[in-house]
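Everything below concerns the one structure shown next.
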Amino acid sequence: QVQLVESGGGLVQAGGSLRLSCAASGSGFSMYAMTWHRQAPGKQRELVAVITSGGSTNYAESVKGRFTISRDNAKTTVYLQMSSLKPEDTAVYYCAAARNSMWRLGRYDLWGQGTQVAVSS
């Protein structure tokens with residue numbers, strides 16, 4: 001069973017960058033599609049980025065060209081490099097793991113506890 005712990009959040013000025021990490025413990029990491037989500041105050045949680053077990057990536061339109069998801073299976077860690085940050089990127093960011101293509105159905109096996117990202121204008 002994989003467990004997930006996010007880190008790397010913080011306060012940054014608009015236009016700045018942050019890199020979030022999601023460290024997985026347990027077996028089977030490489031078999032999961034790994035995803036990043038975010039939830040801003042008063043808003044629904046939204047899927048931000050996906051990286052499949054094969055390394056294919058997908059992004060929300062709002063972050064395309066600014067965010068990059070990657071994974072290191074040897075370190076059992078998934079990353080979210082965020083650049084050109086905007087105040088509207090302010091949210092709690094969560095990583096989640098999904099078997100196969102279950103992320104397309106919104107079905108996740110595991111969630112991390114979240115890390116806060118705040119972008120000041």
Side-chain angles (χ1 to χ4, degrees):
Q1 182 82 1
V2 175
Q3 295 181 329
L4 306 175
V5 178
E6 300 98 333
S7 61
L11 175 63
V12 64
Q13 288 188 331
S17 299
L18 279 176
R19 188 177 80 158
L20 305 183
S21 299
C22 173
S25 61
S27 61
F29 174 81
S30 63
M31 298 170 56
Y32 287 92
M34 298 300 298
T35 63
W36 284 98
H37 305 248
R38 67 186 181 187
Q39 187 167 21
K43 294 188 177 181
Q44 288 189 332
R45 189 174 298 187
E46 64 170 333
L47 176 62
V48 172
V50 179
I51 185 164
T52 67
S53 58
S56 298
T57 58
N58 285 276
Y59 298 93
E61 285 296 325
S62 59
V63 306
K64 275 184 181 178
R66 300 189 299 120
F67 290 11
T68 302
I69 188 171
S70 61
R71 66 190 298 161
D72 185 333
N73 288 338
K75 295 183 178 179
T76 63
T77 300
V78 61
Y79 305 97
L80 186 68
Q81 178 67 47
M82 305 185 294
S83 303
S84 302
L85 283 162
K86 305 175 182 180
E88 51 263 44
D89 295 318
T90 295
V92 178
Y93 283 71
Y94 301 87
C95 66
R99 296 178 188 271
N100 301 320
S101 297
M102 290 294 104
W103 63 270
R104 295 184 183 275
L105 301 177
R107 295 172 62 177
Y108 301 93
D109 293 84
L110 297 159
W111 288 89
Q113 83 288 350
T115 186
Q116 176 72 54
V117 172
V119 183
S120 63
S121 56

So CZ of R99 and CG of L110: to nearest 0.5 Å the spacing works out to 8.0 Å
Non-hydrogen atoms of V5 and Q113 that approach each other most closely: CA-OE1, 3.6 Å
Tell me whether V92 is reachable from L47 by hopping between hydrophobic residues (I, L, V, M, F, W, Y) whose side-chain heavy atoms are closer than 4.5 Å. yes
Give, for atom OH of Y93 and atom SG of C22, the distance between the pair rounded to the nearest 0.5 Å. 14.5 Å
Sort and list the pairs that fulfil side-chain hydrogen bond (donor to acceptor under 3.5 Å, both in side chains) and have at least one residue in residues 62-78, not counting sequence neighbours. R38-S62, E61-K64, R66-D89, R71-N73
Identify, with sequence neighbours excluded, every residue that meets ring-ring contact (aromatic ring centres under 6.0 Å, His included) alongside Y108. H37, W111
Should T90 and Q116 count as side-chain neighbours, where that means a heavy-atom distance under 4.5 Å? yes
Report yes if some heavy atom in the side chain of I69 is under 4.5 Å from a heavy atom in the side chain of V78; otherwise report no. yes
Looking at P87 and A14, what are the two nearest heavy atoms and their distance? CD-CB, 4.1 Å
With rounding to the nearest 0.5 Å, note down the distance linking OG in S84 to CZ in F67. 9.5 Å
L4 versus M34: any side-chain heavy-atom pair under 4.5 Å? yes
What one should report as the nearest heavy-atom pair of W103 and A33 is CD1-CB, 3.7 Å
Starting at CG of L18, measure out to OG of S83 and round the result to the nearest 0.5 Å. 9.0 Å
So, using side-chain hydrogen bond (donor to acceptor under 3.5 Å, both in side chains) as the criterion, who are the partners of K43 when residues are at least two apart? none
